[in-house]
Structures are given as structure tokens and as C-alpha cells.
**Q** 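Quick one: structure below, then a few questions.
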Amino acid sequence: MGKIIKVSGPLVIADEMSNANMFDMCLVSGHKLIGEIIEMRGDKASIQVYEETAGLGPGEEVVTTGAPLSVELAPGLISRMYDGIQRPLEDMREEFGSTITRGITLPALDREKKWDFKPLMEKGAQVSAGDIIGEVDETALVKHKIMIPVGVEGRLVEVKRGKFTIEETVAVVELKSGERANICMLQKWPVRVGRPYKKKLPPEVPLITGQRIIDMLFPIAKGGVAAVPGPFGSGKTVVQHQLAKWADTDIVVYIGCGERGNEMTDVLMEFPRLRDPKTGESLMQRTVLIANTSDMPVAAREASIYTGITIAEYFRDMGYSVAIMADSTSRWAEALREMSGRLEEMPGEEGYPAYLGSRLAQFYERAGRVIALGSDGREGALTAIGAVSPPGGDISEPVTQATLRIVKVFWGLDSGLAYRRHFPAINWLNSYSLYVDRLERWFSTNVASDWESLRTRTMEVLQKESELEEIVKLVGVDALSDADKKILKTAKAVREDFLHQNAFDEVDTYTSLDEQHAKLTAVLNG
Amino acid sequence: MIKQYKTITEVAGPLMIVEGVENIKYGELGEISVSNTTGHSDETRLCRVLEVDENKAVVQLFQSAAGINPEESSVRFLGKGIELPLSKDILGRVFDGMGRPSDGGGEILAEKRMDVNGVPINPAARDYPSEFIQTGISAIDGLNTLVRGQKLPIFSGSGLPHANLAAQIARQSKVLNDEESFAVVFAAIGITFEEADFFVRSFTEAGALERSVMFINLANDPAIERISTPRMALTAAEYLAFERDMQVLVIMTDLTNYAEALREVSAARKEVPGRRGYPGYLYTDLATLYERAGKKRGEKGSITLIPILSMPEDDKTHPIPDLTGYITEGQIILSRELFRKNITPPIDVLPSLSRLKDKGIGEGKTREDHAGTMNQLFSAYAQGKEAKELMVILGEAALSETDRKFAEFSDEFEKSYVSQGYNSNRTIEETLDIGWELLKILPKEELKRIKPEHIEKYMREED
């Protein structure tokens with residue numbers, strides 16, 4: 001048990017901490033505030049505290065839990081909203097009122113609720129980590145697979161059937177050592193460690209979003225990574241919300257990281273009313289929300305993206321296609337910068353720590369298409385889409401640059417387009433997708449054989465338009481040849497009738513691939 | 001028992017170091033007794049613990065350091081944060097930047113004391129703002145609609161008439177078909193006496209003084225007091241909104257002065273600076289102010305926040321407007337060019353934005369044709385401005401007939417839609433009708449963003 005010797009904002013330093021390990025979770029002071037050790041020198045530990053530290057002082061005790069910061073994984077995750085360290089915000093509101101009081105701990109998942117467990121394996125089977133022993137109908141859209149936890153291998157000696165809470169034993173495995181391991185539905189996993197898989201595969205199938213400019217011009221693959229940078233007011237959040245709503249994935253994890261409180265409220269109120277285009281069920285039934293708004297403690301913001309991606313990986317391991325949206329990674333980077341400053345580390349560019357790039361890379365690299373653990377060789381995919389908020393819209397700043405080195409898709413938002421109320425304000429001249437070649441085959445077999453040529457023609461028309469516009473600015477439109485005038489006319493139609501898409505219109509908000517193809521063909525041949 | 005420490009070892013700028021302290025908590029409020037050199041009785045100054053390191057405390061002053069003597073002055077720590085005494089009697093009163101009455105009236109008999117730093121609102125407890133506020137200003141109501149519980153800043157520049165606009169909003173704002181009690185909280189942060197006086201007079205003229213609360217820190221008041229002024233105002237607003245069920249409009253001007261005070265403290269602490277010397281946590285700090293606006297589920301009251309900030313060199317990418325824009329739900333931008341053209345208020349509608357407008361407009365809230373005409377006006381104005389730029393280079397003759405119409409539209413739009421003067425109060429119907437009148441300038445086939453049935457219904461032909 002250690003003692004606080006220094007408090008500076010979210011950073012607390014305690015001594016006599018020699019029994020603790022790096023990245024252990026600690027309970028700080030009598031309030032039992034949750035913190036995590038981020039630096040150790042001798043027996044002094046620097047702890048980032050995930051809650052408001054006002055009122056703490058030297059001499060108060062710090063207890064390490066001996067385990068790293070972890071999330072709880074079991075049925076009951078879907079359609080809930082958590083803060084950055086997986087505290088259930090709805091339950092907190094019911095229990096403690098409309099403000100976030102500190103030092104409160106509520107279990108992330110309901111311990112009382114009984115789930116109907118259906119076994120999928122017989123007694124006597126050989127099992128190893130990742131094998132699905134049973135499933136639970138969590139929501140109308142999600143069958144929650146119960147997997148053998150990592151580290152367990154042996155013979156299944158008992159499988160139950162019926163209603164259980166997440167902590168009750170549903171199966172018993174006899175390990176090679178002869179010991180018996182009780183398996184319950186609840187698992188824990190440390191957030192800073194990626195969940196293991198058998199093999200990573202290159203992405204081959206597009207994530208269909210129903211957003212015309214994305215699907216047609218700059219598609220993203222299932223298991224791919226994308227970044228959406230843009231100045232304020234250019235519609236980053238609307239793009240993220242549209243993807244969360246309409247992307248054809250099984251599970252969506254939406255992280256509001258240091259952003260506006262009302263945006264999370266919007267998701268909470270709107271998603272239950274929206275219907276999944278494929279199944280007709282409410283979209284909330286496939287969504288997990290992580291909300292650490294800008295007024296909530298800054299250290300928990302740093303943890304929130306790890307909490308989110310660990311939950312996403314867990315569903316990926318079940319064989320699902322999962323999409324994670326992080327809005328915004330710049331606020332996460334700022335939290336990192338603030339902690340780094342308090343630790344008095346030597347700053348890199350613009351005060352960001354030197355390890356900013358490697359941390360970002362580690363996060364995005366947890367995305368991908370994989371063959372999950374387990375003997376059935378099932379495939380899961382985790383697609384990551386991060387919003388970036390560059391100061392002043394200047395993408396030469398460190399966070400955007402570090403992100404662009406990793407991601408394969410860049411949807412650059414343009415304030416000029418936003419002023420003209422052209423939404424989504426994705427600039428077609430500087431955005432790119434490196435998945436185009438890889439996905440071409442899928443589009444030509446599944447939608448239309450001329451998909452690629454249509455895309456190329458569209459890009460050419462738009463490119464040519466920007467060149468012609470330069471000329472028009474100098475000499476006027478009358479000086480152009482008739483062919484050039486026709487190109488301008490076609491490009492205008494492409495912009496206004498195809499690329500412009502109203503997210504708030506009931507019909508326009510989603511366009512299927514076939515409709516996109518038909519529409520673009522009509523516009524180009526206009 | 002509270003200990004009195006005479007162990008001040010260092011006073012530098014807004015910071016002070018006290019050694020040999022025991023049981024000091026982070027964030028705690030302290031009182032410094034300064035023996036007055038002019039022979040008057042001692043006075044006390046407030047300060048706050050910024051860092052505790054074993055028995056050494058780094059303390060931030062909230063008031064001037066003048067007169068503090070490390071040998072003689074003493075500090076005592078009060079074991080709590082800064083609190084503001086509150087009761088319904090704060091309405092109609094004027095306070096200084098630290099929350100002390102400055103209108104000659106007596107102290108407030110506290111019914112409740114609230115910590116000025118506030119507590120984050122659980123996002124699950126927020127209610128999405130969706131009630132239309134009619135400000136009577138077309139450029140706002142029609143195109144950048146304000147809703148109750150929104151935070152919508154005014155980005156201005158030195159010499160632009162943001163004060164007139166803010167006062168007009170405060171005077172005219174109302175929610176249609178609603179008789180709920182309404183209050184204005186005004187925070188002056190480092191502005192001049194004249195500007196503060198303008199607000200006081202304008203509230204008095206509108207008969208709004210008895211339902212307003214003012215916190216005034218003038219340009220010649222200590223800069224570090226500015227760090228607490230907006231917090232005082234927001235705390236009073238929270239009390240009125242969530243304890244007294246009132247609809248509160250908070251106007252704060254000028255946030256640029258606030259951010260500069262913050263930079264001063266950060267520089268004194270020798271922190272690693274972010275952009276332009278502002279601290280790296282400026283975003284988080286501003287967010288803890290702005291995010292206190294809003295509505296809560298199951299509560300009647302609301303806080304609508306209009307912070308005003310002057311952009312240095314009219315530069316929207318300067319850290320203060322930039323970070324503000326990332327937190328607030330839109331922005332109203334004033335333009336120097338329009339101001340020179342004598343457009344009042346000189347609102348540049350294109351870069352202005354209200355993110356919450358979509359939920360506050362339409363049938364049952366304003367009128368069914370609102371969304372369509374809004375989009376049409378925006379795109380027509382943008383197109384008109386482009387046409388005018390072209391006209392400058394190539395001359396009017398080079399424009400097509402349609403482009404000339406758009407150019408004409410954009411001039412008319414500025415003159416009759418945006419420029420309405422600071423004393424005209426238009427209903428939303430009037431605003432929408434002026435919009436339709438302007439759209440008549442354009443060829444009908446260009447009106448692509450409006451539903452045809454709305455054109456049929458609202459485009460009245462006079463002949």
C-alpha cells in the first residue's frame with residue numbers, strides 16, 4: 001500500500017509502491033478513484049487518475065489491484081453506453097443523478113440478468129482457446145457466442161443448457177494437467193493488449209456504407225483503416241454517424257472521445273428509431289457506445305479508445321464483421337500530450353510526446369481481417385475509422401500526419417464544400433483509397449462489370465473540371481470548346497446529383513450499390 | 001482548526017509557493033491575508049492549489065499579487081473549492097469577476113453554495129436541444145437557427161459590432177408559444193467600461209435588468225480574476241436553470257481575454273506550450289466551460305450559451321476560435337467586409353453554422369418549407385458570390401444570364417435579408433417570406449433544393 005506524495009491535475013505520484021507493476025490499476029485515496037500506473041521510478045509510481053482529483057492530497061493511501069486496466073466481456077454489452085473506463089453511464093444516471101460523481105463503481109455488466117445459454121458443443125469434445133461452446137441471443141441482431149477463454153485447453157466434461165447469469169458456470173473443462181476449469185460467460189481482457197487471433201488476412205470485401213462518394217469513389221474494405229480529417233463544421237461527425245448507421249457490419253462500436261455531449265445524446269436518441277436496412281431491426285441492437293465527452297476527466301479519454309477497440313476485437317473473435325468509429329483521435333492525442341507534459345517528458349512536435357506516432361500505429365494496427373482462434377477457422381473483420389480534428393484545418397500537424405502514415409483510406413473534408421452546403425464535404429480531388437485495386441474484383445462480380453470503368457470516368461471528369469475551372473476563371477466560359485463545356489456540365493451533374501447526399505433526408509441518406517451504379521451511369525450519360 | 005501559514009517562499013506573476021504545508025488538497029481554496037501598506041485593515045485575497053508536492057504547494061492567485069510580502073503575508077487553506085453563494089435574489093444584481101456584489105447592494109444570503117468548477121454532465125442524462133428560439137434576426141432564425149440548450153458562439157473581430165448583436169439576441173429571444181420564466185446571465189471578461197456599460201444600458205432599456213445577473217471584470221481589473229469570471233456566471237446559470245427551472249441565456253464576452261489569462265498562468269508554471277503559446281489543455285479547459293450549457297432529461301430548465309470572442313487578425317484558425325469551434329454547436333461569424341458595406345448585423349452566413357438547426361426547424365416547430373428554402377438560399381448566395389467574383393475579373397458581359405440573376409440575388413440578399421438593423425424583430429414567418437420574395441429573382445428551374453409542392457404553395461405570384 002502506497003502513499004500519495006504529489007498531486008498535479010490528473011497525475012498523482014505515490015511512493016512505497018514497490019509491490020505494484022507497470023500499468024497496474026490502482027485505487028487512489030479514500031474515494032477509491034480509479035487510476036493506472038504509467039511510470040515507475042524506484043518505489044515511486046506515477047498514476048494517471050481517471051476521475052477528478054480535486055480534494056486529494058499527500059498522505060492519502062493508494063492501493064494497487066495487481067491487475068491491468070481491463071474490460072468485462074459477456075452478453076449485455078450491446079446497446080449500452082459506457083464511459084472511457086467502461087462504467088455504465090445509464091446505470092450511473094439512474095443511481096446517482098444527472099452529473100458524474102466520482103469514486104463510484106458500478107459493474108459494467110448486469111450481474112443479475114439471466115441469459116438463455118444454448119450449448120453448441122457436446123460433452124467430451126476437445127476444446128482450446130476461441131472454440132465456441134454455446135451462444136446467447138443477446139439482441140434480435142446479435143447472437144453472442146460464448147468462447148473458451150485464452151489459456152484454457154482440454155476436454156469438455158460438462159456443458160449446461162438453460163438460463164444463467166454471466167458469472168455462473170456454463171461449462172467445465174478438464175485441463176491437460178487434470179485440473180478442472182469452470183467456464184462462465186464473463187471474461188476480462190486488459191485493454192492495452194490486442195486480443196490474439198490465428199492469422200491476419202488482407203482485406204478483400206468492401207464495407208458497404210450506402211454513402212455514394214465513399215462506396216463509388218473511395219471505398220473502404222472490411223478490416224481496413226480510414227481517417228476523416230477536417231476542420232470544424234465540415235461534417236466529420238455526420239460522416240461518422242452515417243457510417244455507424246448504414247455500414248453493413250454486424251457490430252458497431254462508436255467512441256465519442258473528447259467530443260460534445262449532445263452528439264452522444266443524439267446517437268442515443270436517434271439510433272433506437274433507425275432500422276437496419278437488411279433486417280428491419282433497430283440499429284441500437286448492434287451498437288455499443290463509449291462516451292468520454294470533452295468535459296469528462298481527460299485521462300479516461302486516453303483510455304477510451306482502447307476500451308472501445310478491445311470490445312470490438314471480442315466481437316471480431318466471434319466471427320463478426322465489426323466497425324469501430326473513433327471521434328476524435330485528435331482529442332485522444334491531446335490527452336496523451338497533457339499526461340506527457342505533466343510527466344515532464346521531453347516534448348516532440350507541437351508539444352506532443354515523441355511516441356505519438358507509435359501509439360497511433362499500435363491502435364490502428366489492431367484492425368484487420370483475421371482468422372479467429374478456435375478450431376472452426378472462422379473469419380472476423382475489424383474496420384477502424386478515425387476522425388481527426390486538425391487545428392485550423394491544417395493537415396500538416398502531427399496527429400494528422402502520424403495518422404496518414406498508417407491508414408489506407410483518406411476522406412479529406414473541405415470547408416469550402418461545407419460552406420456551399422455540399423455534403424458530405426469529402427473533397428474528391430485530394431481524397432484517396434488504396435483499397436480500390438483490391439476491391440475491384442468484388443465490385444465487378446457482385447454489382448456490375450463496368451464498375452471500375454465507371455469510377456475511372458467519373459474521376460477523370462472531376463479532375464478535368466478542376467482544370468477547366470482555372471481556365472474559366474481567366475477567360476470566361478465562352479472561350480471553352482463545346483466538348484469542354486459538355487464536360488463542365490457533366491461534372492456539375494456528378495457533383496450535384498450524385499456526390500451530394502443529404503444525410504437528413506429519409507430516402508437520400510442511404511443508396512444501395514445497384515442504385516448507385518444506375519444513378520451514376522445515368523448522370524454520366526446524361 | 002485551520003492553520004495559518006507564514007511560509008510563502010516565492011511569488012512570481014500569478015503563482016505563489018508555500019512550503020511546510022500539511023494536509024493540503026489539490027484544488028483547495030486559500031485565503032491570503034495581506035497587511036495593507038496604506039495603514040488600512042488587512043485584506044484577504046483568494047488563491048487555489050494547483051499542485052501539491054509533499055509539503056510544498058504551488059498556488060495560483062485569483063487576484064492581484066500587489067502587496068503580498070513573503071515575510072509577512074500569511075495563507076490559510078479552507079478545505080474546499082471556490083463556492084458561489086446563491087439564491088433567487090441574485091436576479092437583478094451586479095457582481096465583480098469573483099462573485100462579490102459590486103452594485104452597492106448587500107451580500108447574498110445563500111440558500112445554496114455551489115462549487116464554481118461544476119461537475120460534468122452524464123451524457124446519458126442530456127436531453128437533445130430541439131426547441132426553436134426566435135431571435136428575430138433573419139440570418140440566425142432562417143439560416144443558422146438557435147435552439148434552447150445550444151452553445152453558439154459569435155466569432156467577431158476588433159471593432160466589429162458583436163455587442164449590438166448579442167444585446168439584440170438577449171432582448172428579442174423567445175420560444176414560440178411559451179410563457180416560461182426566462183433569465184439572462186451576463187459575464188464581462190476583461191472588456192472596457194464602455195462596452196460593459198452598453199450591455200447594462202441595453203438590458204435596462206429592454207426592461208430586462210430585473211431578470212438578469214451580471215458578473216463584470218473590466219479591462220483594468222486583475223487579469224487572473226478572469227479565470228474564474230465565466231465559471232461564476234455558469235454556476236449562477238446552473239442554479240437558475242436546474243434549481244429554479246428557468247430558461248437561462250448566458251452571454252460571455254470576450255473569451256479571448258479569458259484564454260490569455262490562462263496562458264499567463266501556464267507560462268508562469270513553465271508548462272510546455274501548445275500552439276501560439278496557449279497551454280496544451282486549452283481545448284479541455286474551454287470544454288469544461290462550454291459543455292456546462294445544455295438541457296437535462298426530466299428537468300425543465302435549460303442553459304443556452306452565447307460566448308463572444310474576437311479573433312486576432314480576424315483569423316478563424318487562431319487557437320481560440322478554432323478550439324471553440326470544435327466544442328460549440330456551430331458559430332456565427334461577423335464579417336469585416338459586410339460591416340464596411342454597412343450591412344447590420346454583418347453576419348457572414350456562409351461560414352456561419354448552427355449544428356442543431358435540423359432538429360429545431362420544420363413543420364410544427366417553424367414551418368414545413370424552412371429546411372428547403374434554407375438550403376436553397378445558402379447555395380444561391382454562394383453561387384451568387386462566385387458569379388460576382390467572376391464579374392470582377394471578366395466584366396458583367398461575360399456572365400451568362402443565369403449567373404447575372406444569381407449576382408443580383410446575392411446583393412439583394414445581403415441588403416434585405418441579412419441587413420435588418422439592430423432594432424427590428426422579425427417573426428419566423430416574416431423571415432421565411434422574405435426568403436421566398438428573394439428567390440423569385442432566380443429562374444424557377446434553378447430551385448433544385450426545394451420540394452416542388454412547397455414552391456407551388458409559398459411562391460406567390462403577385463400578378
Side-chain angles (χ1 to χ4, degrees), chain A residues 5-9 53-59 81 89-90 92-93 97-101 231-233 256 258 260-262 264-266 268-269 291 293-298 331 334-335 337-338 341 347 350-351 389 391-394 415 418-421 472-478 496 504, chain B residues 23-28 50-55 81 117 119-129 271-275 280-281 283-284 287-288 291-292 294 296-297 299 316-319 322-323 325-327 329-331 350-351 353 356 358 371 375 378-379 382 390 393-394 398 400 448:
Chain A
I5 52 171
K6 177 177 174 177
V7 187
S8 168
T53 50
L56 299 193
M81 174 152 87
L89 288 168
E90 286 279 356
M92 278 162 68
R93 181 183 68 86
S98 61
T99 49
I100 297 181
T101 358
F232 64 82
R260 304 176 183 90
N262 280 332
M264 296 315 291
T265 315
D266 188 23
L268 262 191
M269 291 170 74
T293 56
S294 53
D295 54 339
M296 283 157 76
V298 68
R331 305 302 162 220
E334 279 169 15
R337 173 168 72 182
E338 185 168 346
E350 289 191 19
S389 319
D394 169 17
S415 56
Y419 292 167
R420 272 186 270 156
R421 300 307 189 258
V472 171
K473 266 186 203 148
L474 292 175
V475 293
V477 78
D478 288 337
E496 291 183 357
F504 300 101
Chain B
N23 274 325
I24 298 302
K25 310 293 184 199
Y26 170 72
E28 197 173 347
L50 274 191
E51 187 177 307
V52 268
D53 192 350
E54 300 194 67
N55 53 7
N117 286 313
V119 203
I121 300 178
N122 185 334
R126 282 184 189 266
D127 195 3
Y128 201 77
E271 289 171 334
V272 178
R275 280 210 306 152
Y281 49 80
Y283 174 84
T284 305
T288 53
E291 280 287 330
R292 288 169 80 172
K296 294 179 185 177
R297 270 154 73 183
E299 304 246 11
K316 199 161 69 97
T317 64
H318 184 279
D322 186 54
L323 295 178
Y326 276 120
I327 307 162
E329 283 134 354
Q331 65 277 339
L350 292 181
L353 169 74
L356 303 182
D358 297 294
N375 289 331
F378 268 129
S379 86
L390 220 57
I393 306 169
L394 301 169
S400 67
K448 280 188 185 170

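Order of the sequence lines fixes the chain letters, A, B, ..., with proteins taken first and strands second; residue numbering starts at 1 for each chain.
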**Q** If you count heavy-atom pairs within less than 4.5 Å of chain A, which of B:Gly280, B:Gly81, B:Pro123 leads?
**A**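 Option with the greatest count: B:Pro123.
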
**Q** Would one find more than 12 heavy atoms of other residues, nucleotides or ligands at under 6.0 Å from atom CG of B:Asp53?
**A** yes

**Q** For chain B, find which of A:Pro391, A:Ala291, A:Gly233, A:Gly341 contributes the most heavy-atom pairs closer than 4.5 angstrom.
**A** A:Pro391

**Q** If I measure from the heavy atoms of chain B, does A:Val298 come under 4.5 Å with its side chain, its backbone, both, or neither?
**A** side chain

**Q** Name the region of A:Pro347, side chain, backbone, both or neither, that has any atom closer than 4.5 Å to a heavy atom of chain B.
**A** side chain

**Q** Measure distances from B:Arg275 to the heavy atoms of chain A and classify the residue's part below 4.5 Å as side chain, backbone, both or neither.
**A** side chain

**Q** Please flag which part of A:Ser389 lies under 4.5 Å from any non-hydrogen atom of chain B: side chain, backbone, both or neither.
**A** both

**Q** For A:Arg260 and B:Tyr326, work out which heavy atoms get closest and say how close.
**A**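 So the minimum-distance heavy-atom pair works out to NH2-O, 2.9 Å.
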
**Q** Can you tell me which of A:Gly57, A:Gly55, A:Ala54 forms the most heavy-atom pairs within a distance under 4.5 Å of chain B?
**A** A:Gly55

**Q** Answer with side chain, backbone, both or neither: which region of A:Met296 has an atom nearer than 4.5 Å to a non-hydrogen atom of chain B?
**A**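 It is both, since atoms from each part get that close.
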
**Q** Using a cut-off of under 4.5 Å for heavy-atom pairs, which of B:Asn117, B:Asn375, B:Ile327 has the most such pairs with chain A?
**A**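 Sorted descending by pairs with chain A, the first entry is B:Ile327.
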
**Q** Testing B:Arg126, B:Lys296, B:Arg297 for side chain to side chain contact (heavy atoms under 4.5 Å, CB included) with A:Arg93, which one passes?
**A** B:Arg297

**Q** Go through the atoms of B:Ala382 and report whether side chain, backbone, both or neither lie under 4.5 Å from a heavy atom of chain A.
**A**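 For B:Ala382, side-chain heavy atoms alone lie under 4.5 Å from chain A.
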
**Q** Against chain A, label B:Val272 side chain, backbone, both or neither, depending on which of its atoms sit under 4.5 Å from a heavy atom there.
**A** side chain

**Q** Considering only heavy atoms and a distance below 4.5 Å, find which of A:Gly351, A:Gly393, A:Gly261 pairs most often with chain B.
**A** A:Gly261

**Q** Examine whether an atom of A:Met269 lies under 4.5 Å from a heavy atom of chain B, and if so say whether it belongs to the side chain, the backbone or both; otherwise answer neither.
**A** side chain

**Q** Could you have a look at A:Arg421, A:Glu496, A:Glu350, A:Glu338 and say which one has the most heavy-atom pairs with chain B under 4.5 angstrom?
**A** A:Arg421

**Q** For B:Leu350, is it the side chain, the backbone, both, or neither that has a heavy atom closer than 4.5 Å to a heavy atom of chain A?
**A**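 Both the backbone and the side chain of B:Leu350 come within 4.5 Å of chain A.
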
**Q** Using a cut-off of under 4.5 Å for heavy-atom pairs, which of A:Val7, A:Thr99, A:Asp394 has the most such pairs with chain B?
**A** A:Val7

**Q** Looking only at non-hydrogen atoms, find the nearest pair between A:Asn262 and B:Tyr128 and report the distance.
**A** O-CE1, 3.1 Å

**Q** Which atoms form the tightest heavy-atom contact between A:Gly258 and B:Tyr283, and what is the distance?
**A**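 Shortest heavy-atom separation between A:Gly258 and B:Tyr283 comes out as O-OH, 2.6 Å.
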
**Q** Among the options B:Leu323, B:Asp358, B:Leu50, B:Thr288, pick out the one with the most heavy-atom pairs lying under 4.5 Å from chain A.
**A** B:Asp358

**Q** Which of the residues A:Asp295, A:Val472, A:Leu474 is involved in the greatest number of heavy-atom pairs with chain B at under 4.5 angstrom?
**A**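 Among the listed options, the one with the most contacts to chain B is A:Asp295.
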
**Q** Top residue by heavy-atom pair count (under 4.5 Å) with chain A, among B:Val119, B:Leu394, B:Ile393?
**A**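 Of B:Val119, B:Leu394, B:Ile393, B:Leu394 has the most heavy-atom pairs under 4.5 Å with chain A.
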
**Q** What part of B:Ile121 gets within 4.5 angstrom of chain A, counting heavy atoms only: side chain, backbone, both, or neither?
**A** both

**Q** Which distance, rounded to the nearest 0.5 Å, do you find between the CZ of A:Arg337 and the OG1 of B:Thr284?
**A** 9.0 Å

**Q** Under 4.5 Å from any heavy atom of chain B, what part of A:Glu334 do you find: side chain, backbone, both or neither?
**A**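 The side chain, not the backbone.
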
**Q** Which bit of B:Asp127 is near chain A, if near means a heavy-atom gap under 4.5 Å: side chain, backbone, both or neither?
**A**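 Contact with chain A is through both the backbone and side chain of B:Asp127.
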
**Q** Tell me, side chain or backbone of B:Glu54 under 4.5 Å from chain A's heavy atoms, or both, or neither?
**A**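 When you check distances to chain A, atoms from both the backbone and side chain of B:Glu54 fall under 4.5 Å.
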
**Q** Which heavy atom of A:Pro58 sits nearest a heavy atom of B:Val52, and at what distance?
**A**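 Taking A:Pro58 first and B:Val52 second, the nearest heavy atoms are CD-CG2, 3.8 Å.
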
**Q** For B:Arg292, is it the side chain, the backbone, both, or neither that has a heavy atom closer than 4.5 Å to a heavy atom of chain A?
**A**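 Contact with chain A is absent: no heavy atom of B:Arg292 under 4.5 Å.
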
**Q** With a 4.5 angstrom heavy-atom cut-off, could you sort out which part of A:Ile100 is near chain B: side chain, backbone, both or neither?
**A** both

**Q** Quick check for you: among B:Ser379, B:Gly27, B:Pro120, which has the greatest number of heavy-atom pairs under 4.5 Å with chain A?
**A** B:Pro120

**Q** Please state whether the side chain, the backbone, both or neither of B:Gln331 comes within less than 4.5 Å of a heavy atom of chain A.
**A** side chain

**Q** Could you pull out the closest heavy-atom pair between B:Asn122 and A:Leu89, with the gap in Å?
**A**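 Minimum heavy-atom contact is ND2-O, 2.9 Å.
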
**Q** Please determine, among B:Ala287, B:Ala125, B:Gly325, B:Pro129, the option with the most heavy-atom pairs under 4.5 Å with chain A.
**A** B:Gly325

